[in-house]
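Side chains included, hydrogens not; waters and symmetry mates left out as well; all remaining heavy atoms used. Just so you know, ligand 1 is whichever comes first in the structure, and atom 1 is the first atom listed for that ligand.
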Amino acid sequence: MAFSVLPSSPSIRSSISYPRSMVVSNKMSDNKINNVGEGFLSPPNKGIYKSQRSLQDLTVASVASRLPPPSVAEGHWHHSAWTSIRQERWEGELVVQGEIPLWLKGTYLRNGPGMWHIGDYNFRHLFDGYATLVKLHFEDGRLIAGHRQLESQAYQAAKKNQKICYREFSEVPKAENFLAYVGELASLFSGASLTDNANTGVVRLGDGRVVCLTETQKGSIVIDPETLETKGKFSYSDSLGGLIHSAHPIVTEEEFLTLLPDLVKPGYVVARMEKGSNERKVIGRVNCRGGPAPGWVHSFPVTQNYVVVPEMPLRYSAQNLLKAEPTPLYKFRWYPHNNAYMHVMCKATGKIVASVEVPLFVQFHFINAYEEKDEDGRVTAIIADCCEHNANTDILEKLRLNNLRSYNGEDVLPDARVGRFRIPFDGSPYGTLEAALDPNEHGRGMDMCTINPNYLGKKYRYAYACGAHRPCNFPNTITKIDFELKKAKNWYEEGTVPSEPFFVARPGAIEEDDGVVISVVSEKNGGAYALVLDGSTFQEIARAKFPYAIPYGLHGCWVPKN
Ligand SMILES: CC(=O)/C=C/C=C(C)/C=C/C1=C(C)CCCC1(C)C
Ligand SMILES: CC(/C=C/C=O)=C\C=C\C=O
Ligand SMILES: [Fe+2]
């Protein structure tokens, strides 16, 4: 394969300059020199790149990056994790320290909100940022990396008008006058004012299309996994309607399962889209059992035969949706008196086979679920695991950029755990929720979880997530959870913020943890590196320094090399 450091689109090539200092030699010998000379864990960046000067050189003349965010202008360099990306795109080969396994062939793509300002206006919340895609292409032990801004309508309009033009997670466009506000309310109901800033996840469908996603349905955007170019809207050809959906569909080679909350008649529609299709078909519907609106469904789990529909006490709030200024819980409200529920729907028939009340819970992310069986093979219960924030909504507030950027050494990250639900199939009205292991195993921080995808919906032993090395204000370790031993192995490097660990299985692997775990790590002084851990030992096997700061990102996917 030819390794190119040049962007593939001629129109963009002309607008980007690649200073010599950014274009790293792609000779295989680089690999060896670093292996021998520096070792895996020595600080990277030894004379490989000139960081600050190159950053300036690299900034393209995009409207959004014409002005640096005020904090940088004032001379405070935030942690890279919470600092807007400084250029629209870059691509180049990184020098690898250590050994990337030769079997690792393909591209890891990561999405996330990487630009948190427009002009000189700074956004408030982590989830508001415009989507930044990062790619790590692994082949023959080498690593071509890059990033590119997603050209959503929301991002393009913001660049053009130098202001926020669509409703983001917490940001609302300023109404110029009362009439404009009334017009804006009307457009809220039509969905026209909602963002399409697909900054949450990226999935590879069974037919090979790669789609960026967020919580608004219109924020489903197809990209080219090689160039990261925005190709256009993924439009759903059905008439299911609604404006929002779960940001995390369940995607396999065969299908795409999604949850559509119904805010009018509180409940959820479970739908399935077959490989190659744009049409979602309804599997079934669940009516809410409590509260005036459905619970927030950022994600949901499935087993081999069932879809699990969570009804979290943190519910969408019509009142808060209409507010121009963010409320403490943004578009949501906490309804502890309406209880929490878990529903189980049969995938084949759409029938609800269990619906139980469970202890109150707060989660963004389910990890996995599976069917518990008796000795005759009959399903006795569903086990569903999630990153559970001890039924405490404070985490939403902690993810405000001000809080993330003003870390002063205090231990302010609220406790979280691996919450394990058991939803019995014996008709009993209650399910249980308990910690799957002692939360101290992972520093009582827990989020951004993945598993070996071959174990989706099946009994599994391992999960990978971000935990905490305290004191901290954000999850700062990569942790491997062993559910059998109820133990965790933790990777930690002082001052860094690693993003969601992503597991890639070794072809032909028998063991569940035979593979690698990939993460992109943001450093405190304007650096970032790609990190590869051995899935089994959890030891670092390779890292490669980016020539500039990569901000924190959320979720990723794997695009195997054909
Ligand atoms: C980045 C992330 O994890 C979550 C992003 C959530 C977003 C963009 C939510 C957007 C919404 C609106 C703009 C209005 C309707 C409600 C809601 C889905 C929360
Ligand atoms: C980053 C995060 C929570 C961290 C807390 O410990 C949640 C992200 C949610 C959206 O994907
Ligand atoms: Fe998420």
*Asks:* What protein heavy atom sits nearest atom 8 (C) of ligand 1, and how far away is it?
*Replies:*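 The closest heavy atom on the protein side is Thr214 OG1, 3.5 Å.
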*Asks:* Please confirm whether His365 comes within less than 3.5 Å of ligand 2 when only nitrogen or oxygen atoms on both sides are compared.
*Replies:* yes
*Asks:* I'd like to check atom 4 (C) of ligand 1 in this structure: does the protein have a heavy atom lying under 4.0 Å from it?
*Replies:*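 It does: a protein heavy atom is found less than 4.0 Å away from atom 4 (C) of ligand 1.
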*Asks:* Starting from atom 6 (O) of ligand 2, what is the nearest protein heavy atom, named by residue and atom, and what distance separates them?
*Replies:* Pro475 CG, 3.2 Å
*Asks:* Between Glu500 and His555, does the side chain to side chain donor-acceptor pair (under 3.5 Å) criterion hold? Intermediate values first, please.
*Replies:* CA-CA 6 Å; Glu500 179 179 85; His555 306 288; 2.7 Å; yes
*Asks:* Under 6.0 Å between the ring centres of Phe503 and Trp558?
*Replies:*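 Phe503 vs Trp558: aromatic centres not under 6.0 Å.
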*Asks:* Could Glu388 and Arg420 be called an ion pair, given the rule that one side-chain N must be under 4.0 Å from one carboxylate O?
*Replies:* no
*Asks:* Any non-hydrogen atom of Asp128 lying under 4.0 Å from ligand 1?
*Replies:*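 No; Asp128 lies far enough from ligand 1 that no heavy-atom distance drops under 4.0 Å.
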*Asks:* Please write down residue, atom name and distance for the protein heavy atom closest to atom 15 (C) of ligand 1.
*Replies:*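 Answer, as residue, atom name and distance: Leu321 CD2, 3.3 Å.
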*Asks:* Can you check the angle at the Fe ion (ligand 3) formed by NE2 of His555 and NE2 of His365? Round it to the nearest 10°.
*Replies:* 90°
*Asks:* Tell me if the centroids of the rings in His147 and Tyr548 come within less than 6.0 Å of each other.
*Replies:* yes
*Asks:* Test of understanding: given a 4.0 Å heavy-atom threshold, classify the contact between His555 and ligand 2 as side chain, backbone, both, or neither.
*Replies:* side chain
*Asks:* Would you call Asp238-Arg280 a salt bridge at under 4.0 Å N-O?
*Replies:* yes
*Asks:* Please indicate whether any nitrogen or oxygen in His298 is less than 3.5 Å from any nitrogen or oxygen in ligand 2.
*Replies:*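 Yes; at least one N/O pair falls below 3.5 Å.
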*Asks:* Identify the closest protein heavy atom to atom 6 (C) of ligand 1: which residue and atom is it, and at what distance?
*Replies:*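 Answer for atom 6 (C) of ligand 1: Glu215 CG, 3.4 Å.
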*Asks:* Please say whether more than 12 non-hydrogen atoms of neighbouring residues, nucleotides or ligands are located less than 6.0 Å from CD in Glu397.
*Replies:* yes
*Asks:* Name the closest protein heavy atom to atom 17 (C) of ligand 1, giving the residue it belongs to and the distance to 0.1 Å.
*Replies:*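 For atom 17 (C) of ligand 1, the nearest protein heavy atom is Lys331 CG, 4.4 Å.
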